[in-house]
Amino acid sequence: MTERTSQEVVGLSDGVSIPLIGFGTWQLDGDDAYKGVRAALEIGYRHIDTATAYRNEDKVGAAIRDSGVGRENVFITTKCPPGNAGREAETLDASLKDLGVDFVDLWLVHWPPNGEARPDTWKAFIEALEQGKTRAIGVSNYSIAQIDELVAATGRAPALNQIPWNPFAFDEREVAELQSRHVVLEGYSPLKRSDLSNLVLADIAAAHGKTAAQVILRWHVEHGFVVIPRSQNRERIEENFDIFDFQLAPEELRRLDALGA
Ligand SMILES: NC(=O)c1ccc[n+]([C@@H]2O[C@H](COP(=O)([O-])OP(=O)(O)OC[C@H]3O[C@@H](n4cnc5c(N)ncnc54)[C@H](OP(=O)(O)O)[C@@H]3O)[C@@H](O)[C@H]2O)c1
């Protein structure tokens, strides 16, 4: 058995490394956000995903501070709501204040504002990066064409695109398009949008003595996709992180990829 580790990371074009598995906090409010993040950090997660829109940045920040895990050892992502386009700088300042940190590790445009790429918003993101308020910048829910629009306007590609992703949504072309632009793929809703009772998943899970959820998360890690499962149940937070002691065979990866066909 290989040693369990939380240190599997992927490099971003901005020169920082992001842990491949993070803890998602959407719909974790108040105490649930605090308890969830405390549990995740205790278990070994070193990457937390939040957003202005989740209204839990204060609880996430408190949990990180109280955890005793140094700020420098936790990768924090937050996101700017599309409705705040034009007010980017004050939005990030509010996130930093609520989180109680001097900088975040990754700041994302949560959705294309009004369905548009908005290069002006992206310019404000580049400024925040240059000011050291965030270590990397990216987008979420952007199409390839919208990413190209940002690059055409500024010469700078987002380091990462956070999109809905799982084996059932696997799209080789999307992967190749992002890779060719050096944009890391981060998947969200990996479990919620998957059929956990699928027979291929069950078969592979049984072969490794793992659950279907663990197979899905391991599939992300082996592809180099960042993944951010969320749970408010301590056992499942633990289960979702317990994926570093097994490996999928090439044939198993192919079978999982084929679920997206
Ligand atoms: N950028 C965006 O637009 C966007 C959109 C959606 C999500 N996100 C981010 O991505 C994160 C993850 O996505 P998500 O929260 O939508 O969904 P998810 O992580 O795919 O699924 C969460 C659901 O799955 C259950 N679950 C967790 N672990 C499980 C396991 N091992 N077995 C069975 N069920 C399990 C949870 O229930 P319990 O709590 O009861 O365990 C919860 O109902 C979010 O929290 C957020 O940080 C970003």
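All residue numbers refer to positions in the sequence shown, counting from 1. Read the numbers this way: they start at 1 and go in the same order the structure lists the ligands and their atoms. Values in this document were obtained by computation on a predicted structure and should not be read as measured data.
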Practice task
Classify the angle between the aromatic ring planes of Tyr54 and Trp26 as parallel (below 30°), tilted (30 to 60°) or perpendicular (above 60°).
Solution key: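 Ring orientation of Tyr54 relative to Trp26: tilted.
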Exercise for the section: Evaluate the ring planes of Trp165 and Phe225, with Trp represented by its six-membered ring, and classify them as parallel (under 30°), tilted (30 to 60°) or perpendicular (over 60°). Expected result: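 Perpendicular.
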Considering only protein heavy atoms, which is closest to [atom], and at what distance to one decimal place?
atom: atom 45 (O) of ligand 1; value: Trp26 N, 3.0 Å
atom: atom 32 (N) of ligand 1; value: Arg236 CD, 3.6 Å
atom: atom 46 (C) of ligand 1; value: Tyr54 OH, 3.3 Å
atom: atom 6 (C) of ligand 1; value: Tyr188 CD1, 3.2 Å
atom: atom 11 (C) of ligand 1; value: Ile228 O, 3.2 Å

Which bit of [X] gets closer than 4.0 Å to ligand 1, counting heavy atoms only: side chain, backbone, both or neither?
X: Glu239; answer: side chain
X: Thr50; answer: neither
X: Ser231; answer: both
X: Asn141; answer: side chain
X: Asn240; answer: side chain

Handout entry: Min N/O separation Pro190 to ligand 1 under 3.5 Å
Key =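 For ligand 1, there is an N or O atom that lies under 3.5 Å from one belonging to Pro190.
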Handout entry: Polar atom proximity, Asp49 to ligand 1 (N or O, under 3.5 Å)
Key =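 The answer is yes, given that Asp49 and ligand 1 share an N or O pair closer than 3.5 Å.
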Heavy-atom proximity to [atom], best of [options]:
atom: atom 48 (C) of ligand 1; options: Arg234, Gln162, Lys79, Gln232; answer: Gln162
atom: atom 17 (O) of ligand 1; options: Ser189, Gly36, Ala213; answer: Ser189
atom: atom 33 (C) of ligand 1; options: Leu191, Asp242, Val227, Leu196; answer: Leu196
atom: atom 42 (C) of ligand 1; options: Arg193, His110, Glu238, Arg230; answer: Arg230

Practice task
Give the numbers and elements of all ligand 1 atoms closer than 4.0 Å to a heavy atom of Trp111.
Solution key: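 Contacts of ligand 1 toward Trp111, numbered from 1: 3 (O).
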Practice task
Mark up the atoms of ligand 1 that fall under 4.0 Å of a heavy atom belonging to Pro229, in ascending order.
Solution key: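 Answer, ordered by atom number: 19 (O).
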Electrostatic pair [X]:[Y] at N-O distance under 4.0 angstrom:
X: Arg181; Y: Asp148; result: yes
X: Lys59; Y: Asp29; result: no
X: Asp105; Y: Arg46; result: no
X: Lys133; Y: Asp93; result: yes
X: Arg254; Y: Glu251; result: yes
X: Arg71; Y: Asp102; result: no

Handout entry: Any Lys123 side-chain heavy atom under 4.5 Å of Glu88 side chain
Key =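 A side-chain contact is absent here, since even the closest heavy-atom pair is not under 4.5 Å.
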Handout entry: Close side-chain approach of Ile21 and Glu8, heavy atoms under 4.5 Å
Key =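 No, their side chains stay 4.5 Å or more apart.
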Exercise for the section: Check if Phe23 has a non-hydrogen atom at a distance under 4.0 Å from any atom of ligand 1. Expected result: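 No, that is not the case, since the closest heavy atom of the residue is not under 4.0 Å from the ligand.
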Exercise for the section: Please write out which residues are connected to Ile228 in a hydrophobic cluster, directly or through intermediates, given that two of Ile, Leu, Val, Met, Phe, Trp, Tyr count as joined at side-chain heavy-atom separations below 4.5 angstrom. Expected result: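 For the cluster that includes Ile228, the remaining residues are Trp111, Tyr188.
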Could you list the donor-acceptor pairs under 3.5 angstrom formed by side chains in residues 35-44, with sequence neighbours left out?
from: Arg38; atom 1: NH1; to: Tyr34; atom 2: OH; distance (Å): 2.9
from: Glu42; atom 1: OE1; to: Arg234; atom 2: NH1; distance (Å): 3.1
from: Glu42; atom 1: OE1; to: Arg234; atom 2: NH2; distance (Å): 3.3

